[in-house]
Number of protein chains: 2
Amino acid sequence: MQMVETRRQQIESVASALFRERGYAATSVRDIAKALDIQGGSLYAHVASKEDVLWSIVSRAADRFRERVHPIAERQTSATDRLREMCRAHVEVVTQNLETASVFLDEWRFLGTERQAAIAERRDAYEALFRRVIEEGVARGEFTPTDPKITAIAILSALNGIATWYRLDGPLSADSIADQYAGLFIRALACDPSKPTVRPSQSIPKPRGRPIR
Amino acid sequence: MQMVETRRQQIESVASALFRERGYAATSVRDIAKALDIQGGSLYAHVASKEDVLWSIVSRAADRFRERVHPIAERQTSATDRLREMCRAHVEVVTQNLETASVFLDEWRFLGTERQAAIAERRDAYEALFRRVIEEGVARGEFTPTDPKITAIAILSALNGIATWYRLDGPLSADSIADQYAGLFIRALACDPSKPTVRPSQSIPKPRGRPIR
DNA sequence: AAGCCTACCTAACACTTGTTAGGTGTCAAT
DNA sequence: ATTGACACCTAACAAGTGTTAGGTAGGCTT
């Protein structure tokens, strides 16, 4: 009974590819239709608007990231371990959903105001997953003391950059990329073993209003 | 004699701001004109085309990055030192030219094919500056062995990400951001001091065809 | 056989797009 | 006083934009 792909899914799939390579604003509804060998107006039997398609893509991609990474963030393992696995999972989502992930990362600003706000909220929450793991690692003396907010953003920027240059037919496997990135960040955070500063431990300080300085 | 700002410069300045916040494709020539309180067609007394404006912005921004970072890459100091300073300089260019840098990073794909290729070439050369410093640091045993290409891309992705979120009126000074980022990457690359592997030294291996694996 | 649903088409709508041709006024140099 | 450059305007162009209304053909159910 399993049908291969509903028309709506085909539209989103084709739109993802076009939005990624030309950008949302530079892709017309007729471009999408042409890729499916139908007429521009015929799309509206399946979708309410062009922005609607973007929203579906973006919001589904947001789901994927959270679904994969959130469970890892809640594990009871070391911060080092969780951060490594979170990085790996993030890279996996990017490389396995290259088009939708790219659209999510780059084109969400073309959504209407409310939808944009909804995504911003989810991105903040997602970023907070990384920030908290870093905070915890620092508090436990597992990580070098750093500003968790900046560090989290730096890590995510680097990981998200993969979406721009990764090619399925390239020489690098997704796994090896993930390992390299994860290793890089773990080394950046790993506490210098020469001075085993075991901070107050256990207690994680509540984040104050302003992030730094 | 110094005139404040030629009309052409005003156009590019206003266009940078609009391209950054709405994207090139979603910004009309009339939008740019309206910001200058003139009529859409009047712009063509100063510029040849919309793409021409983009090209000016993008290519000038590319210049700025190279001008600031290339001299540092050629210093005779340690790889650690050079990488740190290169990161700092890059952040400086981003934060001091927020709008043009953002446009350079995000909107260059809307250039025509040849101009796009020209920018791609310059970006590759710029990326190579970072890659070579990393290669050298690894070869000298100054850095942990890592794939220089991936590492360079990771660093630049993180640094470029700053262009998306940095605000002049935000709580973080550009300098402190630069230090944090630079510190992060240096720690990620610094060789574990417990095993002072002084590799063959001096000789830097020629990069082979395929990057890794 | 009738009705209905799905999937698509055609044609048009109101509007926006980048760009150009020709015209107007201002100001400095001749 | 004439010239010419400069900065801008108006008006239009051809093409493309997202979207809609109305129509048609085929297949499924009744």
Side-chain angles (χ1 to χ4, degrees), chain A residues 1-59 103 107-116, chain B residues 1-59 103 107-116:
Chain A
M1 188 194 264
Q2 49 142 357
M3 69 181 68
V4 197
E5 205 182 17
T6 151
R7 202 57 162 163
R8 168 79 195 214
Q9 285 168 335
Q10 286 181 44
I11 293 174
E12 286 179 25
S13 165
V14 158
S16 299
L18 289 173
F19 290 168
R20 174 171 137 97
E21 72 177 46
R22 304 187 196 174
Y24 174 80
T27 304
S28 80
V29 152
R30 286 171 180 85
D31 290 335
I32 301 172
K34 196 173 296 171
L36 294 163
D37 266 312
I38 59 176
Q39 224 65 21
S42 308
L43 277 179
Y44 288 81
H46 307 94
V47 305
S49 69
K50 187 189 171 190
E51 197 210 299
D52 209 59
V53 177
L54 179 61
W55 170 248
S56 284
I57 297 169
V58 165
S59 109
V103 173
E107 314 291 334
W108 67 289
R109 60 180 171 147
F110 295 105
L111 291 168
T113 338
E114 338 88 48
R115 285 170 161 181
Q116 221 175 108
Chain B
M1 188 195 268
Q2 48 143 358
M3 67 182 70
V4 197
E5 205 182 17
T6 153
R7 203 55 164 162
R8 168 78 195 216
Q9 284 167 335
Q10 286 181 43
I11 293 174
E12 285 178 25
S13 165
V14 158
S16 298
L18 290 173
F19 290 169
R20 174 172 137 97
E21 72 178 45
R22 306 186 194 175
Y24 174 80
T27 304
S28 80
V29 151
R30 285 169 181 87
D31 290 335
I32 301 172
K34 193 173 297 169
L36 294 162
D37 266 313
I38 59 175
Q39 225 63 22
S42 307
L43 277 178
Y44 288 82
H46 307 93
V47 306
S49 68
K50 186 189 172 190
E51 196 210 300
D52 209 57
V53 178
L54 178 61
W55 170 247
S56 285
I57 297 168
V58 165
S59 109
V103 172
E107 314 292 333
W108 67 289
R109 61 181 171 143
F110 295 104
L111 290 168
T113 338
E114 337 87 49
R115 285 169 161 183
Q116 223 175 106

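All chains are named by letter (A, B, ...) in the order of the sequence lines, taking the proteins before the strands, and each is independently numbered beginning at 1.
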>> Check this for me: does the side-chain of A/R30 come within 3.5 Å of the base of D/dG16 through a donor and an acceptor?
In response: no

Counting distance only, does the side-chain N/O of [X] pair as donor-acceptor with the main-chain N or O of [Y] below 3.5 Å?
X     : Y     : value
B/D31 : B/S28 : yes
A/E12 : A/I57 : no
A/Q9  : A/T6  : yes

> In dot-bracket notation, what is the pairing pattern of DNA chain D, taking Watson-Crick (N1-N3 plus N6-O4 or O6-N4) and G-U wobble (N1-O2 and O6-N3) contacts under 3.5 Å, with [ ] crossing and | for other strands?
Replying inline: |||||||||||||||||||||||||||..|

> Are A/R115 and A/E51 ion-paired here, with the side-chain N under 4.0 Å from a carboxylate O?
Replying inline: yes

For the pair made of [atom1] in [X] and [atom2] in [N], what is the distance, rounded to whole Å?
X      : N      : atom1 : atom2 : value
A/I32  : D/dT17 : CD1   : C1'   : 13 Å
A/F110 : D/dT17 : CZ    : C1'   : 15 Å
B/D31  : C/dT17 : CG    : P     : 6 Å

> What residues in residues 22-29 of chain A put a non-hydrogen atom under 4.0 Å from any atom of DNA chain D?
Replying inline: A/T27, A/S28, A/V29

With a 3.5 Å cut-off and sequence neighbours excluded, list the donor-acceptor pairs that the side chains of residues 32-48 of chain A form with protein atoms.
{"unit_1": "A/S42", "atom_1": "OG", "unit_2": "A/Q39", "atom_2": "O", "d": "3.4"}

Which pairs, protein N/O on one side and nucleotides 22-29 of chain C N/O on the other, fall under 3.5 Å?
none

>> So, using ring-ring contact (aromatic ring centres under 6.0 Å, His included) as the criterion, who are the partners of B/F19 when residues are at least two apart?
In response: B/Y24

Output a table of nitrogen or oxygen pairs between the protein and nucleotides 7-10 of chain C separated by less than 3.5 Å.
{"unit_1": "C/dC8", "atom_1": "OP1", "unit_2": "A/R7", "atom_2": "NE", "d": "3.2"}
{"unit_1": "C/dC8", "atom_1": "OP1", "unit_2": "A/R7", "atom_2": "NH2", "d": "3.1"}
{"unit_1": "C/dC8", "atom_1": "OP2", "unit_2": "A/R7", "atom_2": "NE", "d": "3.3"}
{"unit_1": "C/dC8", "atom_1": "OP2", "unit_2": "A/H46", "atom_2": "NE2", "d": "3.3"}
{"unit_1": "C/dC9", "atom_1": "OP2", "unit_2": "A/Q39", "atom_2": "N", "d": "2.6"}
{"unit_1": "C/dC9", "atom_1": "OP2", "unit_2": "A/S42", "atom_2": "OG", "d": "2.7"}

> Do A/V58 and A/E107 come close enough that some side-chain heavy atom pair is under 4.5 Å?
Replying inline: no

> OP1, OP2 of C/dT20 versus side-chain N and O of B/Y44: anything below 4.0 Å?
Replying inline: no

